[in-house]
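One structure is given below, encoded as structure tokens.
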Protein chains: 2
Amino acid sequence: MRDDRFCASNCSFTRAIGTIGNKWKPIIINVIGTRTVRFGQLDSIIPLISRKVLAEQLKELEEDGLLERLAYKELPPRVEYKLSEKGLAFLPILESIKEWNGKYEVAPMPGETDKKSRVTCAG
Amino acid sequence: MRDDRFCASNCSFTRAIGTIGNKWKPIIINVIGTRTVRFGQLDSIIPLISRKVLAEQLKELEEDGLLERLAYKELPPRVEYKLSEKGLAFLPILESIKEWNGKYEVAPMPGETDKKSRVTCAG
DNA sequence: TATTCTGGTTACCATTGGGTAACTACAAAT
DNA sequence: ATTTGTAGTTACCCAATGGTAACCAGAATA
């Protein structure tokens, strides 16, 4: 998922894209926002992502220092995710993407077809 | 490459990510910048991208209104790509990603290993 | 006693992504 | 007459992605 050729680039920008340039990570970061969110919450807030992929993405985001994972030694387990300083500093960028998209998007709203097959950010 | 489930979301942000949330598109947009660039130039400036994938990405970017394609009726063919207004408006976002990464990136520079296997933005 | 609850992980399998090489058209140059 | 150059496209094939279902621990609840 994370492309090592990107992360090993001598270009800082390319490395950044290697870190956050995929479709799930911006969504996850946006959903977490300034909150503290549990794994199960993320799994249900973001439909169409499987637990497997969600776990992968969270692990990578943690490795890249974008979020913090707090595991409570309880049973049943409880794990909370929140953005690190680096992750929080990324939020304004997501906001400017929203603005940009709102300003220039061509097709405004899709027709009411198959709701099940759509992704929601539900942020 | 472009995920239809994202593009059909009722969430504007998710749709935006469906459009530009992959690894090649930000790179391509960054490389083009304010210039006018030919297909072959892109192909040689961006190593490790194949012509096939490059052509795909360019087509999608054009469909999404991020760039304009100017084909001259010559032989051998000449095609020039430049960012549209929407594409140009995306450049500041890429700049803020660069800033953000410069500020928070953990591993600063990779060792001198296999240069061939790296991606360069060469912007 | 059996079920539930949570945050994963693992094995298995189908789908997809993406690379490579060959091919196109035609003009100009060798 | 053959090669070169451009911007792709197509067929083919292998590797990687990602989904599904099963499984785990161990306490609390019914």
Side-chain angles (χ1 to χ4, degrees), chain A residues 1-8 17-25 27-28 31-32 35-63 67-82 114 116-119, chain B residues 1-7 17-18 20-25 27-28 31-32 35-63 67-82 114 116-119:
Chain A
M1 179 108 267
R2 196 171 28 187
D3 193 320
D4 290 333
R5 286 153 31 246
F6 275 63
C7 296
I17 295 303
T19 304
I20 46 86
N22 79 23
K23 56 185 193 229
W24 288 120
K25 284 175 186 161
I27 299 286
I28 293 171
V31 165
I32 298 179
R35 298 182 291 173
T36 290
V37 187
R38 298 179 59 175
F39 182 86
Q41 286 182 282
L42 288 172
D43 190 36
S44 58
I45 291 175
I46 308 174
L48 300 184
I49 196 174
S50 64
R51 307 171 80 68
K52 180 188 174 186
V53 173
L54 178 57
E56 272 173 22
Q57 300 291 310
L58 289 172
K59 193 176 292 180
E60 289 182 5
L61 284 170
E62 195 198 350
E63 286 170 5
L67 58 80
E68 288 160 18
R69 179 178 180 277
L70 309 165
Y72 298 85
K73 286 215 166 291
E74 301 174 356
L75 271 169
R78 180 158 62 101
V79 178
E80 293 180 345
Y81 291 93
K82 53 181 282 215
D114 185 8
K116 294 262 176 196
S117 64
R118 293 212 216 123
V119 179
Chain B
M1 180 105 269
R2 196 170 29 186
D3 193 319
D4 290 333
R5 283 147 41 240
F6 275 63
C7 296
I17 295 303
I20 45 88
N22 80 22
K23 57 183 189 228
W24 288 119
K25 283 177 186 160
I27 299 286
I28 292 171
V31 165
I32 298 181
R35 297 182 291 171
T36 290
V37 189
R38 297 180 60 174
F39 183 85
Q41 286 182 281
L42 290 171
D43 190 36
S44 59
I45 291 174
I46 310 173
L48 299 185
I49 195 173
S50 63
R51 306 173 80 67
K52 179 188 172 187
V53 172
L54 178 57
E56 270 173 24
Q57 301 291 310
L58 289 172
K59 194 177 291 180
E60 288 182 7
L61 285 171
E62 194 198 350
E63 285 169 6
L67 58 80
E68 288 160 19
R69 179 178 179 277
L70 309 165
Y72 298 85
K73 286 215 167 289
E74 299 172 0
L75 270 169
R78 179 158 63 101
V79 178
E80 293 181 346
Y81 292 93
K82 53 182 283 212
D114 185 8
K116 295 263 175 197
S117 65
R118 292 211 217 124
V119 178

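Lettering of chains follows the sequences in order, A, B, ..., and the numbering in each one begins at 1.
A close approach under 4.0 Å does not occur between any side-chain nitrogen or oxygen of B:R78 and OP1 or OP2 of D:dA7.
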Distances for protein N/O vs nucleotides 26-30 of chain C N/O pairs under 3.5 angstrom?
none

Is there any protein nitrogen or oxygen under 3.5 Å from a nitrogen or oxygen in nucleotides 11-18 of chain C, and what are the pairs?
from   : atom 1 : to    : atom 2 : distance (Å)
C:dG17 : OP1    : B:M1  : N      : 3.2
C:dG18 : N7     : B:K52 : NZ     : 3.1

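Side chain of A:Y81, nearest nucleotide from C:dG8, C:dG7, D:dG8: C:dG8. Taking the side chain of A:R69 as heavy atoms from C-beta on, and the options C:dG8, D:dG19, D:dA7, the nearest nucleotide is C:dG8. In the set D:dG8, C:dG19, C:dT6, C:dG19 carries the atom at the smallest distance from any side-chain atom of A:R5.
The residue B:Y72 sits apart from the nucleic acid: no heavy atom pair falls under 4.0 Å. Within the 4.0 angstrom heavy-atom criterion, only backbone atoms of the sugar-phosphate kind lie near B:K59; the bases stay farther away.
Using a 4.5 Å heavy-atom threshold, the side chains of A:I28 and A:Y81 count as separate.
Rounded to a whole Å, the CD1 atom of A:I46 is 12 Å from the P atom of D:dG19. The nearest whole Å value for the distance from the CG atom in A:D4 to the P atom in D:dA16 is 11 Å. The interatomic distance linking B:N22 (CG) with D:dT17 (C1') rounds to 15 Å, in whole Å. If you measure from atom CZ of A:R51 to atom C1' of C:dC5, you get 11 Å, rounded to the nearest angstrom.
In this view, A:E63 and A:R2 satisfy the salt bridge (Lys or Arg N to Asp or Glu O under 4.0 Å) rule, not counting sequence neighbours. Judged as a side-chain hydrogen bond (donor to acceptor under 3.5 Å, both in side chains), and not counting sequence neighbours, the contacts of A:E80 are A:Y72, A:R78. Residues satisfying the side chain to side chain contact (heavy atoms under 4.5 Å, CB included) test with A:V37, not counting sequence neighbours, are A:I32, A:R35, A:Q41, A:L42.
The shortest non-hydrogen separation linking B:I17 to A:K23 is CG2-O, 3.4 Å.
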Please table the atom pairs, donor to acceptor, closer than 3.5 Å between any side-chain atom in residues 47-58 of chain B and protein atoms at least two apart or in another chain.
from  : atom 1 : to    : atom 2 : distance (Å)
B:S50 : OG     : B:V53 : N      : 3.3
B:R51 : NH1    : B:D43 : OD2    : 2.6
B:Q57 : OE1    : B:N22 : ND2    : 3.2

